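Here the structure is a predicted model, which means the values were calculated and not measured. Just the heavy atoms: all of them, side chains too, but no hydrogens, waters or symmetry mates, feed the values below.
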Amino acid sequence: MNPGTELGRYTVETRIEEIPGGERWAARDTTLDRDVTLVVMPSDADSTAAALDAARRAAGVEAAQLVRILDVGSEDGLSFIAEDAVGDATTYTEAIGTDGLPAEEVRRITGEVATGIEAARARGLHHLALTPDLVLLTGDGRVKVQGLATAAALAGIETEGEEADRDDATGVVALAYAGLTGTWPLDRPSGLPSATRDGSGPPPPSRVAVGVPGDLDTICRETLGEGTGPDSPGDYAAQIAPWSRIPLAGALRTAPSAADETTHAVPTGSRSDTETPDEAGGSGAAVAGGALAGGAAVASAADGDETTAIPRESDDEVTREINLGQREGVTTTITRGDETPAGRSQRSRAARDDDSTQRLPRERSRDEGSRDESAHGRRTAAAAAAAAAAGAVGTGGKVLGDRLGKAAKTAGGRSREAIHDARARREAIRADQRTRSSLGSAPTTAEVEAPAPLLPAEAGAPPSRRQANLVLVLMAGFVALACLFGGIGASRIGSGSDLGRILGGDETTAVATSEDTGGSGSSSGGGEPLAIANAAGYDPAPGDGVEHNAEAPRVYDGNPDTTWTTEGYGSEAFGGVKQGVGITVDLGQSQSISSVTLQLPTSAQATVFAGEQPANSGTEVGRTQGRTGEVELQPSSAVNGRYVTVWFTSLTPSDDGRYRAALGEITVR
C-alpha cells in the first residue's frame with residue numbers, strides 16, 4: 001500500500017509505524033474532512049477477524065483516556081480500523097528517554113492509564129498488550145491509550161476473567177517501572193531497553209533510580225518481583241491516588257544514570273612510606289571534600305603526594321529541564337542550588353579555599369632533621385582540606401535544601417488543601433446538625449400559644465327545630481332529583497340497539513374466519529420472542545467455569561454473523577478432558593417456553609435444556625444432530641424455566657487446526 005491509496009472514504013497519507021499483524025498509517029477522512037489514524041491489515045490474515053471484532057466492541061467504550069475508534073471496514077483485500085488522530089502527541093517511550101520522568105508525573109500518567117483501562121474492564125474488555133509505545137501524551141498533557149483489545153487480538157493474545165484483570169494491572173505497573181527507571185521489565189517488545197533481571201525478576205526501582213516514592217516502589221516490587229500487587233487497573237489507581245490532573249512542569253527527575261555516578265579519587269603522585277594515620281585521614285578528607293563540592297581538585301601537600309578528585313559532568317544529572325510539550329509556558333527549567341546568588345558565593349569561597357590549599361609547599365624535605373617541619377606542613381594541609389570539605393558540604397547542602405524545599409512546598413500545599421477540605425466538611429456537618437431538632441431536645445418550659453377558635457361558643461349547642469327541618473327538605477330534594485334522572489336514563493336503555501337480533505330471532509348470521517399460516521399463532525416459531533437479560537459460557541467441572549464469556553452477548557444481539565465460539569480443543573471429543581461445554585441465556589424470570597431456535601454456523605451435536613438453574617441436565621427442550629443453519633426445537637410438553645442452556649457434546653474442526661463449536665443466535669419463544 002502506498003500514499004494516496006483509497007480505503008473506503010479514507011485517503012492514506014503517510015505510514016507511521018509497523019505493528020504486529022499490520023501497519024499504522026496517517027489518513028484523511030474525505031467525507032468529514034478530518035485527520036484519522038488507520039490500522040491496516042490483510043483481510044485474509046488469521047488475526048484480522050479477531051481484531052475487527054475487538055475494534056467493534058471497543059468502539060462502545062467511552063473514556064477520555066482511550067483513543068476513540070471511529071470506523072471498521074474492508075476493501076480490496078485490506079481491512080482497516082479508523083481511530084482518532086492524536087497529531088501533537090509523543091509516546092511515553094519518547095517522554096521517558098534515557099533519564100526517566102519525575103515520580104509524580106509517572107504517578108499521574110499511570111493513574112490516568114489505569115482509569116481508562118478500568119472503564120473498559122467494566123464493559124468486559126481488556127487491553128492485554130500495554131507498552132510505553134501505546135501510551136500517548138498530548139501537547140496539553142492529556143494521556144491517551146491506543147490498541148484497546150485490538151493490539152492483543154493482532155498479537156494472538158487470548159486471556160479472560162481474573163487472569164486478564166491481573167495482566168492489565170501488571171502492564172500498568174510495568175509502565176510505572178519504565179517511567180521511574182527508563183527500562184522495560186516485561187517480555188513483550190518495547191522501545192525502551194530491557195530491565196536487568198535476577199531470579200526474582202527486575203530489581204525494585206529504588207535500587208536503580210533516585211527519588212522513588214515508597215508506595216510506587218512497593219507496588220513495583222510486589223507485582224514484578226513477588227507476583228502479588230494490585231488485582232486490576234482500578235485496584236492500582238486506588239492504591240496510588242491521589243494524583244495531579246495537570247502535567248508536572250519541572251521537578252526532580254529520577255535519572256537512573258545520575259544515581260549510578262560517583263566521584264573517584266585517583267592518585268597522581270607517590271605516597272611516603274612514613275605517612276602516619278593522621279596524614280592519611282587528611283588526604284581522605286580532601287577527597288571527600290572534592291566529591292561533595294561536585295568535582296573540585298584538592299591536593300595533599302604531604303611528601304609530594306597528590307590526590308585529585310575526578311569531577312562529574314558539568315551539568316547536574318539529577319535536575320535538568322523537563323519538556324512536557326512545545327506550548328509556551330509549559331516548559332520549566334529547574335535551577336541548580338549552586339547557581340543561585342548564595343550558591344555562587346559559597347562556591348567562590350570554596351574555590352578560594354582550594355587555591356589556598358594548593359599554594360602550600362609541595363617539596364619533600366631532604367634533611368632528616370626537617371621531618372618535624374614536613375609533618376607540621378602535612379597537618380596544615382589536612383586542616384585546609386577539611387575546611388574545603390566543610391565549604392563543599394555547605395554547597396551540597398544548599399542544592400539538597402533547594403530540592404527538599406520544592407518537595408516540601410508541594411507536600412505542604414497538598415496538606416493545606418486537605419486540611420481546608422476537612423474543615424469545610426466539618427462545618428457543613430455542624431451547620432446541618434444545627435438546622436435539625438429532636439423531640440428530646442425541645443425545652444420543657446416553652447410556652448405554647450393557644451390556637452385561635454374556629455367556631456363561636458354557641459356552635460356546640462344542639463340544632464333548633466327550624467334547622468332540622470331545613471336539612472330534611474334539602475335531603476328530600478336531592479332524592480327527588482336522583483329518581484328523576486334515573487328514570488330518564490332507564491327509559492333510554494336499548495334505544496340504539498337491535499334487541500331482536502341480540503335476544504335471538506329467525507335470522508342466521510355467518511361469521512367469516514381466516515387462517516393465519518405465517519403469524520405468531522402458527523406451529524413454527526409460535527409466540528413472541530422472549531427477552532434475554534444476559535448470557536455466559538457454561539463450563540462445569542472439570543472445566544474452569546468460563547468459556548469465552550466476553551463473546552456470549554453476541555448470541556442475542558440480533559446479528560447472526562457475530563458468533564460465540566468455544567475454546568479450541570485437540571479433538572472432536574474435547575481432547576478427552578471433558579464431556580462437553582455450552583452457553584446459557586438468562587430470561588430474567590421463569591417463563592413458559594414453547595420453542596428454541598438456534599442459528600448454527602457449523603454442524604454440531606447439541607441438546608437444549610431449560611430450568612431454574614444453568615445445567616446440562618433436567619428438562620430437555622430438544623436436540624440437534626449435525627445440522628447447520630436455522631434449527632428450531634420444540635418440547636413435547638410445556639416447559640417452564642428461567643435459564644436455557646445449549647449443551648454441545650461434539651466439536652468441528654476450524655481453520656487453525658483446533659476443534660470448536662459455534663452459535664450465531666438463539667431465540668426463545
Side-chain angles (χ1 to χ4, degrees), residues 53 56-57 60 122-125 160-161 520 524-541 543-567 569 574 578-625 627-652 660-669:
D53 180 66
R56 292 187 184 97
R57 292 184 286 126
R123 297 291 300 272
L125 291 174
E160 294 182 350
S520 61
S524 176
E528 291 294 332
L530 300 177
I532 297 176
N534 199 0
Y538 180 68
D539 187 16
D544 57 3
V546 294
E547 194 77 15
H548 282 184
N549 287 359
E551 298 178 359
R554 301 179 187 177
V555 302
Y556 62 92
D557 61 359
N559 184 6
D561 295 333
T562 59
T563 61
W564 168 86
T565 61
T566 66
E567 296 178 359
Y569 294 89
F574 302 91
K578 59 182 70 174
Q579 299 297 319
V581 295
I583 183 171
T584 298
V585 297
D586 182 5
L587 303 180
Q589 61 183 353
S590 183
Q591 303 274 7
S592 177
I593 300 172
S594 61
S595 68
V596 176
T597 303
L598 308 177
Q599 294 286 348
L600 298 173
T602 59
S603 61
Q605 295 183 5
T607 304
V608 179
F609 297 95
E612 298 303 321
Q613 297 291 335
N616 57 351
S617 61
T619 305
E620 180 178 326
V621 176
R623 64 179 61 195
T624 175
Q625 299 286 339
R627 297 173 61 185
T628 60
E630 181 176 322
V631 177
E632 181 181 2
L633 305 176
Q634 295 181 346
S636 57
S637 59
V639 174
N640 292 321
R642 173 178 176 177
Y643 297 92
V644 176
T645 302
V646 182
W647 179 251
F648 292 95
T649 56
S650 69
L651 305 172
T652 56
R660 293 180 171 86
L663 178 61
E665 200 75 16
I666 180 172
T667 304
V668 182
R669 292 183 171 86

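- Using a distance-only test at 3.5 Å, with no hydrogens or angles considered, no donor-acceptor pair links the side chain of Thr563 to the main chain of Ala662.
- Looking at every heavy atom in both residues, Gln634 comes nearest to Glu632 through NE2-OE2, 3.0 Å.
- Closest approach of Gly124 and Ala550 over heavy atoms only: O-CB, 4.1 Å.
- A donor-acceptor pair under 3.5 Å links the side-chain atoms of Arg123 to the main chain of Gly60, judged by distance alone.
- Between Gly537 and Ala552, the closest heavy-atom pair is N-CB, 4.3 Å.
- Side-chain contact check for Val646 versus Leu598: some heavy-atom pair is nearer than 4.5 Å.
- Here the shortest heavy-atom pairing between Gly580 and Asp539 reads O-OD1, 4.5 Å.
- Summarising the geometry of Leu530 relative to Gln591, their closest heavy-atom pair is CD1-CB, 3.7 Å, with the distance given to 0.1 Å.
- Between the OG1 atom of Thr562 and the OH atom of Tyr556 there is a distance of 11.5 Å, given to the nearest 0.5 Å.
- With a 4.5 Å cut-off on side-chain heavy atoms, Ile666 and Thr597 do not count as touching.
- Evaluation of the side chain to side chain contact (heavy atoms under 4.5 Å, CB included) rule for Ser592 yields Asn640 as partners, not counting sequence neighbours.
- Tested against Thr619 for a side chain to side chain contact (heavy atoms under 4.5 Å, CB included), the candidates Val639, Val608, Ile593 yield a single pass: Val639.
- We find the CG-CZ distance between Leu125 and Arg57 to be 5.5 Å, quoted to the nearest 0.5 Å.
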- Task: For Phe648 and Asn616, run side-chain contact (heavy atoms from CB on, under 4.5 Å): C-alpha distance rounded to whole Å, both residues' side-chain angles, the deciding distance at 0.1 Å, then the answer.
- Result: CA-CA 9 Å; Phe648 292 95; Asn616 57 351; over 6 Å; no

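- Within 6.0 Å of atom CD in Gln579, 12 or fewer heavy atoms from other residues, nucleotides or ligands are found, so the atom counts as exposed in its surroundings.
- Residues Asn549 and Val546 come closest through the heavy atom pair ND2-CG1, 3.3 Å.
- To the nearest 0.5 Å, the span separating CG on Asn534 from CG on Leu587 amounts to 11.0 Å.
- Residues Glu665 and Val555 form no side-chain contact, since every pair of their non-hydrogen atoms from C-beta on lies 4.5 Å or further apart.
- A donor and an acceptor atom, one from each side chain of Ser603 and Thr652, are nowhere located under 3.5 Å apart.
- Counting only heavy atoms from C-beta outward, the side chains of Pro540 and Trp647 approach each other to under 4.5 Å.
- Thr566 places none of its side-chain heavy atoms less than 4.5 Å from the side chain of Phe574.
- Taking CD from Glu567 and CD from Glu547, the interatomic distance works out to 4.0 Å, rounded to the nearest 0.5 Å.
- Glu551 pairs by the side chain to side chain contact (heavy atoms under 4.5 Å, CB included) definition with His548, Arg554, Trp564, Thr565, not counting sequence neighbours.
- One finds the CD1 atom of Ile532 at 7.0 Å from the OG1 atom of Thr667 (value rounded to the nearest 0.5 Å).
- Atom OG of Ser636 is separated from atom CD of Glu620 by 8.5 Å, given to the nearest 0.5 angstrom.
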Stepwise side-chain contact (heavy atoms from CB on, under 4.5 Å) check, Leu663 with Leu600 | CA-CA 5 Å; Leu663 178 61; Leu600 298 173; 3.8 Å; yes

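- With contacts defined as side-chain heavy-atom distances shorter than 4.5 Å, the pair Tyr569/Lys578 qualifies.
- Residues Thr584 and Val644 form no side-chain contact, since every pair of their non-hydrogen atoms from C-beta on lies 4.5 Å or further apart.
- Listed by first then second residue, pairs satisfying salt bridge (Lys or Arg N to Asp or Glu O under 4.0 Å) with a partner in residues 606-615 number zero, not counting sequence neighbours.
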